[in-house]
Every structure is written in structure tokens, then in C-alpha cells.
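Data first, discussion second: the structure below is written as C-alpha cells.
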Amino acid sequence: MKNQSHNTVVISTDSTQWNYLDDGTDPASGNADLDSWAATDFDDSTWKTAQGSFGAKNGSLGAVGPYNPQTLLNHYLGGQTGTATPAYFFRTQFDLPEGSADDFLNITGDVVYDDALTMWINGTKVAGFLDDRLTGKSTQEYAGSSNGNPVSSSFEIPADVLVDGVNTVAISLHNDRASSSDIYLDVPELSLNTTENIDPISRVILTPTETPETSQYVSWMAGSSAADAGNVEFRKVDGSEITTVAAEFVEPVNGNPLPHFSAELTNLLPGTDYTYRVSNGSNSSEWNTFTTADSAITDFQYIYYGDAQIGLDTTWPKVVSQAERTAPNAVGSVHAGDLINTGSNESEWNNWFKGMEQSAATSNVMAAPGNHEYSGDNKLSAWKANFEYPRNNPSVETAGDLAKLTIGDSEAAAQYRALFDHWTTFAEETVYYTDYQGVRFITINATRDKGFLTPDNLPACSTDDCPESKSSTLWVQFQAAWMDHILEDSTSKWNVVTFHQPVYSASSGRNEPVLRDEWVPIFQKHNIDLVQMGHDHVYSRGYNNENRTDFEGVTDGPVYVVSNSGAKHYDLADENDNVWTQNNATQVKRGEDFTTYQVIDVTEDSLTYNSYLAEKTASSTTDLAIGDVWDTFTVTKNDEGTKWVTEAGVDVPVIEEDFDIKLSVTARCIGKNTMLNVNAKNNEDSPVTLHITSDFGNKKMNNLGSGKSASAPLNAGKAPLNAGSVTVDASNGSDDITKEISYEALSCK
């Protein structure tokens with residue numbers, strides 16, 4: 001509950017008149033100070049006047065997403081269709097009695113906008129939303145990112161900008177590009193508050209460290225903008241001694257005034273139940289529990305979610321609730337990106353965390369960023385504020401042969417160094433891995449955009465081998481080298497990779513050739529067990545054709561899955577002509593217009609995958625009921641690494657292992673004749689008998705002892721000797737094997 005306070009509403013949609021300029025002209029024309037139009041004494045008497053909300057859709061007064069503007073803005077420069085007006089300017093005023101300005105502690109408010117917004121009070125800039133593209137060199141600049149529907153944001157600022165008498169609120173509103181199809185602004189409320197509002201602590205989340213047996217990350221968002229310190233208290237569930245750890249302060253993001261905090265709990269005991277709570281001063285969370293990993297335990301469950309993104313306040317909490325009922329003891333969840341629709345929208349983040357509230361506070365969350373996490377936040381400030389992950393990300397040291405490109409004093413080498421150094425920092429908390437009870441969970445970042453891939457001070461380069469033009473591909477290769485590096489020495493029996501954009505796209509019109517070219521060879525080389533993806537808003541599961549076997553319903557390589565856990569749905573690509581069929585891959589299961597979550601049961605020798613139907617539309621391609629298993633398969637692997645992926649109802653193949661006998665054939669010249677020697681070494685614990693069949697006669701080796709070697713000569717006649725083979729039938733008394741041993745051609749001169 002918020003503390004009781006006295007709020008004075010000074011701006012609202014229902015009552016406030018705004019003066020506004022929407023003709024594309026410069027409101028500060030002739031003034032060196034481009035912000036002069038926001039000052040209290042600025043003359044806006046020639047501007048238009050109207051009551052909000054404001055907007056346009058394709059130049060007309062129409063719905064902008066779910067919002068219906070009341071006042072039409074001039075959408076296009078010169079009133080002609082084609083070039084959207086870069087910026088609009090709004091001013092309004094309210095009066096405060098003499099001596100009352102100092103009574104207020106803070107100013108809070110809500111804004112709804114498309115595409116970017118900056119706010120001033122009495123000439124001081126107090127808030128900016130998606131305005132990081134503004135350079136300050138002109139008042140008429142495009143800003144923001146194409147978010148689709150308008151974004152709703154809240155803000156809280158200190159009240160020291162207020163004055164007795166007339167106070168002026170000024171807003172600049174920006175289209176994101178010349179081809180923008182809509183514009184929107186509403187200020188539902190701006191209030192002056194005499195006491196601080198303190199909300200409950202929220203967004204409490206557990207994320208794994210690199211050593212989940214003995215440590216744990218905890219993060220949260222404070223309930224007060226004044227919070228500047230935080231703590232985590234924890235103890236064993238069966239103990240009484242409390243340990244307190246100071247948390248790290250993380251600056252507020254997205255115009256949300258509430259700061260974030262994170263802490264690492266260390267020196268924990270494996271396989272132990274702990275209880276904890278987080279606090280900022282006297283404001284504390286509830287006590288929650290978690291259990292550390294235990295390398296001696298092999299059996300556990302985890303949940304895999306595709307995109308949440310749309311329906312965060314409706315579909316998403318229902319999906320999570322169903323998943324938690326299905327897998328109440330899950331140790332955590334993996335998320336394949338696009339958790340939200342707009343990275344800069346704090347309301348969406350709030351809804352995502354509300355849906356995950358219990359799950360996130362009691363089990364580990366392993367999330368991969370998607371392209372929508374970058375929407376309006378291309379530095380991922382919200383992502384890095386909300387989540388704490390191991391900093392075992394890619395670096396020059398893990399780049400393999402790519403690192404050689406940074407050597408030297410050429411312009412190209414300087415650019416490579418700058419890019420790789422930038423990516424080493426940028427990859428933190430977006431590319432990482434953790435080992436949990438025999439599973440290496442690997443998270444990578446499939447989004448590519450020069451806006452975040454290019455460092456601010458990239459060295460100049462004018463030669464043909466400059467890397468800047470191919471930075472998108474290099475970013476993918478940089479991660480591929482890192483995966484190759486960490487998989488070479490993986491101590492976990494199982495390896496699972498999660499990311500957003502699929503290597504085998506499933507929905508119509510999508511294709512990711514760069515990801516496929518660079519990452520699939522790594523997945524195949526290391527025989528990754530599960531490749532978990534999102535982005536396409538359909539369901540698709542299958543394999544690379546090189547992993548087909550001679551057994552019906554059985555493959556032996558990585559399983560590639562695309563799933564969708566939100567309310568947004570796309571159409572599948574043509575069943576017989578799609579990215580899978582065009583790139584040596586096969587879809588085993590596919591469907592559209594429904595929502596799923598996946599539960600994976602891990603044991604020492606198997607991964608059992610079940611995808612559950614959580615929600616469906618009228619056009620869904622399945623007749624299954626909500627809660628039914630939509631897709632299922634099992635991955636089986638023995639200690640020697642032999643792996644099978646079996647469909648439902650298919651038995652794991654039983655193949656008799658060859659007993660260990662080493663065979664070879666050598667050829668040599670004796671004058672003008674050729675001689676073959678069949679060589680055998682018995683590595684079994686018991687004697688073996690060998691029968692040799694060839695075009696030059698047959699031989700037998702009786703009771704070749706354990707660890708012993710022997711040869712059987714065959715006279716192949718006069719040279720030359722053509723290439724061929726001999727057949728060896730071997731028996732150890734209980735098992736029999738047959739092997740073909742080849743030899744090369746030989747010419748004796």
C-alpha cells in the first residue's frame with residue numbers, strides 16, 4: 001500500500017488546455033538557446049489551443065493503436081502526404097499560491113506517447129522518453145524507435161523545479177522517422193505531492209551465478225525513488241543465524257524513478273534450502289525460499305517459454321500459472337526473448353514480473369534478449385537493471401582465430417579491437433552460461449543492429465578490409481567462437497542453448513541465414529541437446545537431416561524448437577517449401593494460432609520434453625484441449641556419449657556394441673609378387689577366434705589371447721594389386737562380429 005499523502009492534480013486530460021505548434025517550424029527561431037521555447041516567459045500566444053489528447057493516423061483523426069485522439073495534429077510537413085512532421089511542441093501553465101511551492105516533495109505523472117517525448121518544467125528538462133537520438137542541434141529532429149502502438153510511461157521528479165506563481169510545463173513530441181504513419185500524445189495526470197509515496201518492493205528475481213551450488217544472484221526494484229541503499233537477509237531454512245549482504249545500487253531507467261538493486265549471496269551450501277528477503281531501509285519484501293543446486297542430484301525439471309510479449313496482463317499470467325501447476329518443483333525457467341513488446345515501456349515490465357512474481361522469487365530465471373528488448377532501449381538499460389547474470393561472456397580471449405584480426409597497427413585492426421572491446425562489455429548479462437546439476441544452460445544474443453553494435457568512438461577506417469560494414473555478421477561469429485570455446489571443455493553431460501531469432505525460421509516470410517550459417521555448425525559439431533528459440537509466434541520442432549538414423553522416429557543430434565508463450569500469433573510458412581526444407585532440415589511437429597509452455601524433465605540418462613497447450617484461438621491448428629500435451633519426445637544419452645532422440649512411443653534403439661579388437665591390412669612387394677598381411681590385436685579380456693575371407697584364400701587365427709597381436713599372410717599373386725578388402729569374422733565365444741577391412745592398390749616395379 002502507498003502511504004497516505006496529499007496530491008494536487010494540476011494537469012489532466014479532462015481539464016487542461018494546451019497551446020501547441022504542429023506546423024514543422026522552429027519554435028526557438030532566432031534564439032541561440034534552442035530550449036528557449038520551454039521557458040515560462042516565452043510568448044506562445046500565436047500557437048493553436050486545444051484540449052488533449054492529440055494525434056493523427058495517416059494524416060487524419062483516427063485510432064492510434066488502442067487510443068483515440070481528441071485533437072488532430074498536422075501529421076505531414078506542408079500538409080502533404082509523404083514526410084511526417086519531425087517534432088511538435090506543447091505548453092500549459094498552472095498557478096501556485098505564494099509560499100506553497102516549498103510544500104511539495106515531488107511531482108508524479110503519466111504520459112502516453114508515440115514515438116518520443118521530452119518534458120520541461122519552468123525551463124528545466126525533467127524527463128525524457130525514447131529521446132536518446134536527439135542531438136540538440138535542432139528543434140526539428142526525429143527521435144524514438146518504431147514501437148507500433150503508443151507507449152505509456154510514469155515519472156517521478158523532485159519538486160524543487162516548482163515556483164510560487166506561474167509554472168510552465170512544456171513538451172516536445174517526436175515522430176521516429178519521415179515515413180511514420182501516426183503520432184500521439186496524452187498527459188492523463190500530473191500531480192504535486194506533499195509526502196513521499198512508498199510502494200512495496202517489486203520485481204524480486206533470482207538469477208543463477210556461474211556456481212549455483214554455492215552462490216545466488218538476487219535483484220529487485222525499490223518502492224521509493226529516495227532509496228539509495230539495499231540489503232539482502234538470508235539464512236538456512238532450518239537455521240536461525242541471519243546473514244546480511246549489501247546490495248549494489250542500479251540507476252533508474254526508462255523514466256521510472258524507482259532504482260534497482262542486486263546482490264550476490266556467497267558461501268552457500270549445495271542442495272540446501274534458504275529463506276531470504278530484500279529491503280531498502282524499513283521497506284522489506286516478504287520472505288521467500290530457494291534451494292541451491294546439488295551436483296550429486298541428477299533429476300530435476302525446468303520450464304521453457306517462448307515469447308511472452310503480447311497479452312502480458314492477460315495471457316502471460318495464465319500461461320505461467322499453468323506451467324507452475326504442471327511443474328511445481330521446477331528449479332527455474334528459460335525464456336527465448338521478447339519478454340515484453342517495448343523495452344522502454346515500464347508498464348510492460350511491471351506486467352511481465354507480475355506474471356512471474358512467485359516463480360521468479362523462488363527459482364532461477366535464465367532469459368535471452370530478443371529484438372523487442374531493444375525497442376526504445378538499444379543499450380538494454382532496462383534489461384541490465386532487471387537481471388543479473390554471470391559475466392562469463394564472449395571476449396577477445398574466447399574469440400579464437402577472430403582475435404588475430406585485432407593484431408597490428410592498421411586501421412582495420414584498430415576497428416576490430418574497438419568492436420571486440422565494445423562487444424565484450426555489451427555482451428555482459430546477455431550472453432552467458434551456468435552449469436546446473438549436469439546441464440550447461442547457454443544463453444546467446446541473436447539480435448543484430450548497428451545502433452548497439454557500434455561503439456561511440458569507433459576509429460576511422462578507409463581500407464577495403466574495414467570490419468564496420470560487416471559488424472552484424474561479426475557479432476554472430478564472435479559468439480560462435482565463444483560457444484565453441486566453452487563447449488570444448490563443458491563438464492556437463494547435457495548442453496542446452498537458448499536465444500531468440502531461430503536458425504530455422506518457421507513463420508512465413510522470415511529467414512536468418514547469418515545465424516544459421518554461423519551457429520548451426522557449432523550446434524552440430526558439439527551435438528547440442530536442445531536448441532530453444534522464439535520470435536516466430538508459431539510452434540515448430542525438428543532436426544538437421546544429417547542426424548537421421550536408420551530407425552523410424554529416431555535421430556541422434558540437436559533438437560531445434562521454436563515456441564510461443566504469448567498472445568501474438570503469425571502464420572506458418574508453406575509446409576513443403578520453407579526455411580527448413582530449403583536448408584537440409586526437417587520439421588517433425590508444427591502448428592499455429594496457439595500458445596504453449598514446455599516442461600523438460602532431466603535425469604542422469606535422459607531429457608524428456610513435453611509441450612503443453614496453454615491457450616488457443618478460433619483458427620488454431622489443433623483440436624487438443626487446454627492443458628493437453630501438444631508435443632513430446634525424449635533425448636537419451638549414455639555415459640559413453642551415445643545419444644538418441646526418440647518420438648513418442650518409439651523405443652530407444654538397442655545396438656550391440658562391438659567388442660574391442662583392432663584390425664588392419666598391410667600390403668608389400670616380394671619381388672614381382674604382392675603379399676597381404678591381416679593384422680589383429682585383441683583388446684578384450686578373453687581370447688577371440690578370427691576367420692579371414694579374401695579373394696586370395698582364407699585364414700584362421702585360433703584363440704588369440706587377451707592383449708595379444710598376430711598376423712595372417714595372404715599371397716596376392718603377381719603385381720599390380722588392385723584396391724580391395726578382406727572380411728574378418730570374429731568370435732569371443734558369446735558375441736560375433738563381422739568387419740570389412742580395406743587395403744589400397746599396390747604396384748611392384
If the condition is side-chain contact (heavy atoms from CB on, under 4.5 Å), which residues does Pro317 pass it with, not counting sequence neighbours?
none
Of all residues at least two apart in sequence or in a different chain, which pass the salt bridge (Lys or Arg N to Asp or Glu O under 4.0 Å) check with Asp631?
Arg541
Non-neighbouring partners of His372 that pass ring pair (Phe, Tyr, Trp, His ring centres under 6.0 Å), sequence neighbours left out
none
Counting only heavy atoms not in Glu189, do more than 12 sit closer than 6.0 Å to its CD atom?
yes
Kindly state whether the ring of Trp383 and the ring of Tyr374 have centres lying under 6.0 angstrom apart.
no
Can you list everything that forms a side-chain contact (heavy atoms from CB on, under 4.5 Å) with Gln358? Sequence neighbours excluded, please.
Glu324, Thr362
Aromatic contact between Phe452 and Trp423, with the criterion being ring centroids under 6.0 Å apart: yes or no?
no
Let me see the working for Glu615 and Thr315 under side chain to side chain donor-acceptor pair (under 3.5 Å), right down to the final yes or no.
CA-CA 8 Å; Glu615 186 176 85; Thr315 295; 2.8 Å; yes
Once salt bridge (Lys or Arg N to Asp or Glu O under 4.0 Å) is applied, do any residues pair with Lys236, and if so which ones, sequence neighbours excluded?
none
Qualifying side-chain hydrogen bond (donor to acceptor under 3.5 Å, both in side chains) pairs, either residue in residues 279-289, two or more places apart
Trp220-Asn280
Listing request: all salt bridge (charged side-chain N to carboxylate O under 4.0 Å, His left out) pairs with a residue in residues 272-281, at least two apart in sequence or in separate chains.
Glu233-Arg277
Side chain to side chain donor-acceptor pair (under 3.5 Å) assessment of Asn193 paired with Asn106
CA-CA 5 Å; Asn193 310 298; Asn106 57 46; 2.6 Å; yes
Just to verify, what does Lys525 make a salt bridge (Lys or Arg N to Asp or Glu O under 4.0 Å) with, not counting sequence neighbours?
Asp484, Glu488
Can you name the residues that form a salt bridge (Lys or Arg N to Asp or Glu O under 4.0 Å) with Arg391, not counting sequence neighbours?
Glu388, Glu428, Glu429
Using the six-membered ring wherever Trp is involved, compare the ring planes of Phe426 and Trp475 and label them parallel, tilted or perpendicular (cut-offs 30° and 60°).
perpendicular
Taking ring pair (Phe, Tyr, Trp, His ring centres under 6.0 Å) as the definition, give me every residue that meets it alongside Tyr433, ordered by chain and number, with sequence neighbours left out.
none
So, taking the atom named CG in Asn393 and the one named OG1 in Thr430, what distance separates them when rounded to the nearest 0.5 Å?
7.5 Å
Hey, could you give me each pair passing side-chain hydrogen bond (donor to acceptor under 3.5 Å, both in side chains) that has a residue in residues 600-611? Not counting sequence neighbours.
Gln301-Asp601, Lys493-Asp605, Tyr539-Tyr609, Gln598-Ser611, Thr603-Ser606, Asn610-Thr632
Under the side-chain contact (heavy atoms from CB on, under 4.5 Å) test, residues paired with Asn351 that sit two or more places apart
Leu312, Asp313, Lys354
